[in-house]
Amino acid sequence: MITGDGWSVLSTRFSDKFNRPDREVCLLSLDAIIISEYEQQSLSGSSPLRLQLDGRIADIQVVLNYISNNGKVVLPIDGDGVMSWSSAPKLNGIFLYSYLDSHNFNVALINNYASERNRFLSLLNHNPKAVIISTTFVHRKNDLIELVEDIRSLAPDIFVISGGPFTYLSYLILQKSGDDIYNTSEIQDDFVFLGRQNPRIDLLIISPRGEKILAEALKRIKTNKTTKDLPNSAYLDGGKYCFGPRTDDFEPGEHFNIEWDRLPEDFFSTGVIPMQASTGCPNKCAFCNFTKHPKLISLKQTKELISELEAVSLRGIEYVWFVDDNFRLGKTDLTKVCNDIIDVNPGIKWMSFIHVESLRNVDLELLYESGCKELRFGLESADPQILKNMNKKVDPLFASKIIKKLLALGINCSCYFLIGFPGETEETVIKTIDYIKSLEHPNLKGMFTWSIYPFMLAPLSPIYEYASRKKYALTGYMNKWTHQTMSSDQARKHVVKAFASLNKSGPIYRGDNLAMLEKLSSGQRKNFTIIRHNLSKLSLTTQLTENDIISSFRPILFP
Ligand code: SF4
């Protein structure tokens with residue numbers, strides 16, 4: 001049994017995430033402030049349906065707070081914003097910070113602008129010469145416009161730079177804007193360089209890996225030199241974009257290793273850190289528009305990986321989220337990697353997206369011993385024809401066997417599904433829902449969770465192109481589309497139906513405090529997930545009372 005005190009996981013080390021005044025003191029004069037993310041957004045169809053208590057997602061620490069306060073969430077919430085996968089700071093910002101720091105620039109990092117706006121304001125007192133917006137987590141031009149306008153309201157004359165995936169994607173779309181399907185008002189509204197309204201950014205770096213150009217730009221800004229002739233860049237002049245010359249600015253496989261030992265203490269304050277064991281993805285799923293530049297594909301040497309794990313372990317990190325699109329590019333040397341980690345024993349628990357095929361012939365017990373806590377799988381559908389249409393190389397039967405074995409060992413599995421891809425019918429959706437049910441395994445040790453997305457017709461994904469559109473009579477854009485066998489409205493209804501028909505598992509709650517979950521027995525964890533999901537389903541149709549919620553959770557959390 002766990003008492004009220006038994007739940008407390010906050011140590012002094014984890015108590016003041018990203019807001020330490022002592023750190024600001026040494027930032028006498030800043031070269032730049034880096035912004036990793038504007039505000040958190042999810043494209044999942046099932047995530048918004050999750051249980052909320054007093055307007056907050058019902059992560060375990062929120063539920064415990066709600067019970068202790070007799071049906072109210074009272075701040076502060078013990079264990080919130082730390083020791084959860086979602087509390088890991090963003091890797092794009094950490095990478096830029098480390099890169100610029102190693103090139104002798106004095107920079108500060110804002111992990112999430114919306115929640116750290118006050119800190120941003122106080123950093124402006126250190127006279128930064130530029131603000132750098134990384135666009136890894138930007139999906140729409142309007143978000144960028146809003147962010148830049150807010151920055152300009154606080155620092156009207158500051159030099160604003162943007163770069164990263166969304167800026168690069170926008171440039172690729174501009175290249176295609178001669179095609180009808182890329183010359184639409186929706187695209188002009190959503191991507192930079194197009195349409196009448198654009199963010200007031202002084203320098204846009206257009207490269208899949210623009211850090212070298214960024215460093216050169218900062219050097220010039222510091223010495224009052226122009227950035228207008230920089231390669232792979234653009235700037236606005238009288239409402240029109242001027243583009244610098246295009247050059248090859250990085251070598252295949254080139255990478256910079258983050259210097260974890262040099263990073264400030266507050267980067268490690270949540271106990272969770274992101275890392276990459278590889279970059280890029282060699283696959284070509286038809287719905288995916290991630291930047292697939294072949295030169296981006298690179299695999300970190302196992303030796304480098306282990307020394308990074310050791311380095312973050314020395315900084316007090318307990319959990320590492322490998323943010324690879326596909327762990328180690330789906331290489332089949334996982335047994336060796338696990339053995340190497342076990343030999344060094346950095347005491348790290350880790351999670352990653354992985355291609356299920358790379359687990360063929362892998363000793364799964366070694367995976368567990370190496371600290372693997374959770375694996376994420378993009379399974380998408382249970383229907384072989386839909387998987388073929390998606391160009392997704394997954395064997396649902398093999399995936400189901402592997403997931404069962406992983407759950408039996410106590411490795412959590414979170415699986416991602418996509419509803420509505422061309423070819424999808426009510427029958428194939430039912431097949432996928434039945435398949436998800438077959439993966440629930442409520443009696444096995446590991447937790448099975450899921451996220452269900454409605455199909456999105458995203459520019460630059462293979463399915464967006466003319467030939468695919470013609471093949472499936474596919475029309476529309478992003479979350480509004482129709483094809484021979486389904487429409488986006490129907491797909492969204494199917495997502496809700498899938499959410500409602502799963503009874504022995506639950507959706508992914510990335511904000512759950514992992515240390516608190518680990519204090520539960522595996523049976524308690526399972527029951528907690530199931531009860532939480534069942535309450536969330538009830539809350540879609542009924543007004544739940546405080547008593548309904550407390551009396552459902554209390555017997556599991558305080559038996
Ligand atoms: S969906 Fe994932 S596996 Fe498929 S191409 Fe995109 S990143 Fe690669």
Side-chain angles (χ1 to χ4, degrees), residues 41-47 85 90-92 135-139 164-166 168-169 172-173 208-209 253 255 274-300 321-332 334 351-360 374-396 398-399 402-403 413-424 432 450-465 468 478-479 491 495 508 510:
Q41 289 175 343
S42 169
L43 303 175
S44 164
S46 54
S47 291
W85 295 120
K90 301 287 181 231
L91 189 63
N92 54 328
T135 59
T136 306
F137 299 99
V138 173
H139 304 295
F166 184 73
Y168 185 64
L169 204 71
L172 296 181
I173 287 174
R209 288 282 306 270
H255 65 279
M275 199 177 270
Q276 270 177 319
S278 62
T279 55
C281 175
N283 300 329
K284 293 187 172 62
C285 301
F287 52 83
C288 177
N289 73 344
F290 285 9
T291 306
K292 301 275 176 28
H293 201 296
K295 287 206 293 182
L296 277 181
I297 295 178
S298 102
L299 184 67
K300 202 169 270 175
W321 179 344
F322 287 111
V323 293
D324 301 29
D325 292 331
N326 184 354
F327 189 64
R328 292 184 55 76
L329 303 173
K331 292 274 178 242
T332 47
L334 214 50
M351 166 177 85
S352 183
F353 244 116
I354 195 162
H355 198 295
V356 71
E357 278 302 319
S358 50
L359 294 173
R360 244 181 232 281
E374 178 169 337
L375 289 177
R376 309 166 75 198
F377 299 102
L379 301 181
E380 321 305 352
S381 170
D383 186 83
Q385 185 58 48
I386 300 292
L387 289 168
K388 198 169 167 212
N389 295 356
M390 290 175 176
N391 194 27
K392 186 90 198 181
K393 300 197 171 32
V394 170
D395 172 357
F398 175 66
I402 285 285
I403 286 168
C413 296
S414 45
C415 298
Y416 295 76
F417 297 91
L418 188 65
I419 287 185
F421 193 82
E424 189 91 272
T432 299
W450 38 264
S451 191
I452 306 171
Y453 287 71
F455 164 59
M456 295 247 283
L457 181 50
L460 295 183
S461 61
I463 193 70
Y464 192 84
E465 301 302 322
S468 310
M478 294 298 268
N479 54 9
V495 170
I508 297 164
R510 285 275 170 250

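Just so you know, ligand 1 is whichever comes first in the structure, and atom 1 is the first atom listed for that ligand. Keep in mind that this is a model prediction, so the values were computed, not measured. Values below: all heavy atoms of this structure, side chains included; hydrogens, waters and symmetry mates excluded.
The main-chain N or O of Lys300 is found under 3.5 Å from a side-chain atom of Arg328 such that the two form a donor-acceptor pair.
For ligand 1, the atoms closer than 4.0 angstrom to any heavy atom of Cys281 are 3 (S), 5 (S), 7 (S), 8 (Fe). Residue contact check: Phe290 has heavy atoms under 4.0 Å from atoms 7 (S) of ligand 1.
A side-chain donor from one of Asp324 and Ser278 sits under 3.5 Å from a side-chain acceptor of the other.
The two residues Glu424 and Ile386 have their closest heavy-atom pair at N-CD1, 3.3 Å.
With a cut-off of 2.8 Å, atom 4 (Fe) of ligand 1 has an N, O or S atom of Cys285 in range.
Within the cation-pi definition used here (under 6.0 Å to the ring centroid, within 45° of the axis), Arg510 qualifies as a partner of Trp321.
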